[in-house]
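Taking it in order: structure first as structure tokens, then the write-up.
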Amino acid sequence: MKNSECIIEQYRGERLVRTFVPTGDKTYPWRMEANGKGYLRTNGWVLSKILPTLTDNSPVTTRVVPLETDAASADEEAGV
């Protein structure tokens, strides 16, 4: 799965605290959404927020959610 094919969500307990959405831009490939606002971010900045959450004792849980593509939606509608 490519970065452009997924959304990254971070939770503290059951509460969603931030979401990273791909933008397609080369300079700022991610848009971070938090507290009702959006911020453009670089790959390095996003990694600095994701990597520490991958440890066992992190209070933040990171989840990857695949984006639905037009082809996947068409297959699902066709029952494939």
Side-chain angles (χ1 to χ4, degrees):
M1 179 181 302
K2 296 178 185 177
N3 291 344
S4 61
E5 298 173 347
C6 63
I7 294 174
I8 300 169
E9 299 176 336
Q10 292 190 315
Y11 294 85
R12 185 177 303 272
E14 296 296 318
R15 187 174 143 249
L16 179 65
V17 291
R18 69 180 139 227
T19 304
F20 298 103
V21 181
T23 63
D25 182 40
K26 291 188 185 265
T27 306
Y28 295 103
W30 294 98
R31 184 178 74 245
M32 180 187 78
E33 298 173 357
N35 298 323
K37 296 181 182 177
Y39 307 91
L40 295 176
R41 299 293 185 208
T42 63
N43 280 326
W45 194 93
V46 171
L47 280 174
S48 75
K49 298 301 177 199
I50 294 171
L51 292 176
T53 70
L54 301 178
T55 62
D56 288 335
N57 13 343
S58 174
V60 177
T61 303
T62 298
R63 296 181 189 158
V64 176
V65 179
L67 287 173
E68 287 189 29
T69 62
D70 292 334
S73 297
D75 286 345
E76 192 173 82
E77 289 174 11
V80 176

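Along the sequence shown, the residues carry numbers beginning at 1.
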(request) Is it possible for you to say whether Leu54 and Val60 belong to one hydrophobic cluster, with membership spreading through side-chain heavy-atom contacts below 4.5 Å? (result) no

(request) Tell me whether Ile50 is reachable from Met32 by hopping between hydrophobic residues (I, L, V, M, F, W, Y) whose side-chain heavy atoms are closer than 4.5 Å. (result) yes

(request) State, without any angle test, whether Ser58 and Thr53 hold a side-chain donor-acceptor pair at a distance under 3.5 Å. (result) no

(request) Establish, from distance only, whether the side-chain atoms of Thr19 and Glu9 form a donor-acceptor pair under 3.5 Å. (result) no

Least distance between heavy atoms, [X] atom then [Y] atom:
{"X": "Ala34", "Y": "Arg18", "result": "CB-CB, 4.0 Å"}
{"X": "Pro29", "Y": "Thr42", "result": "CD-CA, 4.0 Å"}
{"X": "Gln10", "Y": "Leu16", "result": "O-CD1, 3.5 Å"}
{"X": "Leu67", "Y": "Pro22", "result": "CD1-CG, 4.0 Å"}
{"X": "Leu47", "Y": "Pro52", "result": "O-CD, 4.1 Å"}

(request) Examine Arg41 relative to Tyr28 and say whether NZ or CZ is less than 6.0 Å from the centre of the six-membered ring and inside a 45° cone about the ring axis. (result) no

(message) What I'd like to find out is whether the side chain of Trp30 reaches to under 4.5 Å of the side chain of Asn43, using heavy atoms alone.
(response) yes

With rounding to the nearest 0.5 angstrom, report the [atom1] to [atom2] distance, [X] to [Y].
{"X": "Thr61", "Y": "Glu14", "atom1": "OG1", "atom2": "CD", "value": "8.5 Å"}
{"X": "Leu40", "Y": "Trp45", "atom1": "CG", "atom2": "CH2", "value": "11.5 Å"}
{"X": "Phe20", "Y": "Glu33", "atom1": "CZ", "atom2": "CD", "value": "10.5 Å"}

